[in-house]
Amino acid sequence: MSAILSAPRVVLLAVHLATKSDIPGLTTLAAQHSNVLYKELLLRILLSVLPETLAPSNYVDLVERIQSGNWDNDEQDVDTSSIDDINDKEAASKIRRLKLLPLTWDGAPQDILDDPLSLFLIRRAQRVDQEAGLLTQLPDLVVPFLDHTPAIRTWMISSLLPLLRRNCQYYPGSPIDISLAAFEALDDRIAVQLLLDQTGVQDQSLALVGRDLRGLLGPWLYNNAHWTDSQLNDQDSPEQQQVRLCPAWEHVLEWLTTKASTSWKVVVSAVDQWDGPADADLGSYGSLWFGDEEQGYLESRYARAVLACAYLISDTSVEALVGVNTIITKVMGLLDQDACPTLQVASSLLSPFTDVTSDPLLSARNATFLRNDLLEDFNPLTTPTEQSTKLLHALTLSAYILSKSGAPCSVRRAGELAFLQDEMEQKAEALRMIRSFSSNGPKNDDKYWLRARDELLWLRDWGAEDDWGTEQTEARGVLGQLKKEFLEVECLKAFLSNTRYALARSIYEEPSDNVLASVILRDTIVHAAMTAYDNATNPHRGRGGLLKCHDIVHAFPQTIPQESCEARRIEALLRATHALGEYRLVLKQGEPFTPVVLRVHQDPISIIGKVLEQNPKSYTNIQDFLDIGLNMVNAGLYNKSKSKAEQQKPTQEHTGTPAPEQLDALRISVEQRITAMCVDAALTEDDFETAYSYVVNRLASTTMSTSTTQAVAADEYSWKAALQAGRYRRTERTVRPTHIGTASGNLDIRHLEQRIECLSTALRVAPASTLQEILNVFRKCEEELNAAVKAEEASESAWEAHHLAGSEDAGQAMPGGFSNTLPPGVGRSGRPSRPGFASSQSASQTAAAAEEAPMSLFDLSRASIARAQRTLPALASLQRGGSTASNKSSTSSSRFGGLGGLVGGGGGGGPESDGGMSSSTGTLDEQGNRTSARKRDQLREAAVGTLASGVGWLIGAQPAAAAADKSHHDDDDDDDSRGR
């Protein structure tokens, strides 16, 4: 049959058989007409018309025969019915219209252009994937021919295998939508991204990161298309060197460094599970190797990228830093260095890094390489050397210690601290670390606190100080700019805030080498005690922060003895705070009193006023409040509320505390102020009796007992409180007195007398500028008292006149004849009868009674104030110069006759007035009545002298001796006036 078939008809029949997938018939036809169906033609026919869905196993044997050219003699007949009706001319015409596909294509590998079989296999595989998507069948097509040529094996491993694994084996649920031919033509960066787009996306796939790199990128790199030759200019050699570079590998390293910034777990998993470019999974498709130069290039670049990833991991967790140390260990293994210990072991050993601290690599000029040019060959930090790996390990351990202690820190951040040596930045990190391990650490584990202290000190110099010996070397750790003393002080504060008193004492007080100077140790302890005080929420000294404050001060008996100034001041502060805590006290709406308020308040004494306002009847506990105020002064709370006396005196040098005399004046001022507060509180609650008692028994006595004039002048509280009490008027709410004693039984008169006494106290202690205001109140009160007394006397006289007139027998005026038993000059009410009101007595009896009757407190007060009012202008004239007094008229002399008594008592008060009175009353006149009036005038002047003793110096009166002379002169003028 072969003899009758022309070449066009044979070719046409072969095309027909291939189209129908009749492989046996095509094989027979090829064997019978091998001279027509030569190798390239048959391969083109198979490539062009053989259905892509046909399994390769069906035609691989035919391809092998085509390649080998070994055709067995096959005598079988071939079905030619498809071409029986076609002549040779028609067959040739049809063949010309077939347009069989060529075996070559644009971008075909240069090394297989002369190999039709290799071209067919690659082109057939591409068409099967593109037309039928049967990527999984391609190994059946290619594997039988792997030994045909190295190019087929390389193509199978570097092109078909990565895509086959990515879409069909590793991630069949998320295949990349790209054909085999398009994949081979991809840009290297895009190809890397597509191959690894699912790598490490989910946490459960982290264990497969190494598999992906090993099975996808490892084979992919063997494609010669990813390599290029480059000319390397060596400055030491005039000749250019040719090196092999792999741009695709650079894109793989970029992918790693990018993942380091976004997902450190992927990078750590990749480095831990993958040994680099030599670690490639080629499956069962044979073995491939890089040349020594190429392998060295890939490993060197990989080691640099891994070091760069360590600096790029920004996560500050302990887990991330452990991962960084894993990276360092892998790099050291690649460089045949001794592996570094784990971070857990290294942090417990705290071995010194002396060689690192002295390495010029640790300089400020290299800080820029922490962020820039990490993959460049000129970056010294990522150059894979022993120095760079040790430095990276020291930085990683530093970041680990900081993060473990609660001050998160990345490797890059640790590098910036070590390279730049910025003191402020280092101090911030140190304080953050101390605060964190202080607040989060176990309270009862001394080993924990010792380890924390050792780690903090190690961060300063990386343990190198122990190896310095006598040679002083600058600390170069991440806290190298901080003084050791500063770190020790902060550690001590942390110990004290966590009640590790015994541990702190054993480190800082008991050793003889003096870790801290005694002054610094004392100041730190006091500062810690005050911090505990300020953080307290309960003012009870037996609980919380106040208890801790007490314990801290007493935990160091050698540094702060109990008799020391610091201990006494803190004890006074605790007492004052505890005493305030006994009362209800709210300084702001809804915010209860906390101890720190007392320390920061601008005017601590005013807090006592708040207590008096919010606690009814608390003013009766005046001694408690005086003790609180004294403790405030002793605690040093005087800087926030300076009195005038304090401002006028300088403080002692080098101590910052007031001088002793200044403290005494301050204590007196505080006592006067608190007493005035209690007076105001009592008046607010209508307890005039208590307020009166405080004025006459405390304010007056405190003021008069003051030894310095400046302290009296500085008293701006006593006179106001006394004046306030003198202004008080009885109401229905006023608390009634519990006992009267020898005072008037008339409560109104008694109250007015007490007011006058309060106003007298105000006159004694008030500044000169306020006397007029007080005297105005005094005069009104005196007028009210005079009116009340006259009303009472009129009532008594009316009562006596009524009852005496109604009975001829005087004994009948009162039941039981009691009126007959009354002594002369005594009224029915039991009060002494006053001249002019006993109408039943004769003039001589009235004079005699007036001579013998004692003066009441009211008489003395009224006479004293009257004389003070008459002599007040004279006091002003004395201040301007008393020479014009002698030119006054006799009337004026009589009016200011009491000036001597007023001013004469200014020096000594009562005693001098009594002496003057006795001298005057010793002279008798012929007329008894006039003598009696004279004696009463002298008594009034004596009372005025007592008042003047506390007032005269305030308004600028002349000295006592000159005033006494003037007094005697005015008395003589007064006698003449009375005689006329």
Could I get the full list of salt bridge (charged side-chain N to carboxylate O under 4.0 Å, His left out) partners for Glu184, not counting sequence neighbours?
none
Measure from the side-chain N and O atoms of Thr382 to the backbone N and O of Leu374, and report whether any donor-acceptor pair falls under 3.5 Å.
yes
Whether the side chain of Ser205 engages the backbone of Leu208 through a donor-acceptor N/O pair (distance < 3.5 Å, no angle test) should be reported.
no
State, to 0.1 Å, how close Trp462 and Ala418 come at their nearest heavy-atom pair, and which atoms those are.
CH2-CB, 4.0 Å
Can you list the residues that meet the salt bridge (charged side-chain N to carboxylate O under 4.0 Å, His left out) rule with Lys330, with sequence neighbours excluded?
Asp275
Can you name the residues that form a side-chain hydrogen bond (donor to acceptor under 3.5 Å, both in side chains) with Asp197, not counting sequence neighbours?
Arg166
Can you list everything that forms a side-chain hydrogen bond (donor to acceptor under 3.5 Å, both in side chains) with Asn325? Sequence neighbours excluded, please.
His393
With sequence neighbours excluded, give me every ring-ring contact (aromatic ring centres under 6.0 Å, His included) pair touching residues 138-171.
none
Who passes salt bridge (charged side-chain N to carboxylate O under 4.0 Å, His left out) against Asp229, sequence neighbours left out?
Arg244
Taking atom types as modelled and ignoring hydrogens, do the side chains of Gln337 and Thr389 form a donor-acceptor contact shorter than 3.5 angstrom?
yes
Between Lys265 and Asp272, does at least one N-O distance fall below 4.0 Å, as a salt bridge requires?
no
Close side-chain approach of Phe290 and Tyr222, heavy atoms under 4.5 Å
yes
For residues Ile66 and Phe120, determine if any side-chain heavy atom of one lies less than 4.5 Å from a side-chain heavy atom of the other.
no
Distance only, no hydrogens: is a donor on one side chain within 3.5 Å (strictly under) of an acceptor on the other, for Thr329 and Thr326?
no
Can any side-chain N or O of Glu294 pair as donor or acceptor with the backbone N or O of Gly291 at less than 3.5 Å?
yes
Residue set satisfying ring pair (Phe, Tyr, Trp, His ring centres under 6.0 Å) with His251, at least two apart, ordered chain then number -> none
Please check this pair: side chain of Ser68 against backbone of Glu64, looking for a donor-acceptor N/O pair closer than 3.5 Å.
yes
Interatomic spacing from CZ in Phe419 to CG in Leu361 - rounded to 0.5 Å:
5.5 Å
Suppose the criterion is salt bridge (charged side-chain N to carboxylate O under 4.0 Å, His left out): which pairs have a residue in residues 389-399, not counting sequence neighbours?
Asp355-Lys390, Glu386-Lys390
Hey, could you give me each pair passing salt bridge (charged side-chain N to carboxylate O under 4.0 Å, His left out) that has a residue in residues 126-151? Not counting sequence neighbours.
Glu52-Arg127, Asp147-Arg153
Mind checking what makes side-chain hydrogen bond (donor to acceptor under 3.5 Å, both in side chains) contact with Asp114, not counting sequence neighbours?
none
Please examine the side chains of Gln130 and Leu180, heavy atoms only from C-beta on, and report whether any two atoms are closer than 4.5 Å.
no
Would a 4.5 Å heavy-atom cut-off, applied to side chains only, mark Leu62 and Leu46 as touching?
yes
Which residues pass the salt bridge (charged side-chain N to carboxylate O under 4.0 Å, His left out) test with Arg214, not counting sequence neighbours?
Asp279
Between Ser403 (side chain only) and Tyr400 (backbone N and O only), is there a donor and an acceptor less than 3.5 Å apart?
no
Would you call Glu254 and Arg189 a salt bridge, taking side-chain N to carboxylate O under 4.0 Å as the test?
yes
Could you check whether Arg65 and Thr27, counting side-chain N and O atoms only, form a donor-acceptor pair closer than 3.5 Å?
no
Given 3.5 Å as the limit, does a donor-acceptor pair link the side chain of Asn167 with the main chain of Ile176, or not?
yes
Hey, is the main chain of Leu312 close enough, under 3.5 Å, to the side chain of Arg412 for a donor-acceptor pair?
no
Does a donor on one side chain sit under 3.5 Å from an acceptor on the other, for Trp264 and Ser314?
no
Set of side-chain hydrogen bond (donor to acceptor under 3.5 Å, both in side chains) partners for Glu299, sequence neighbours left out
Gln295
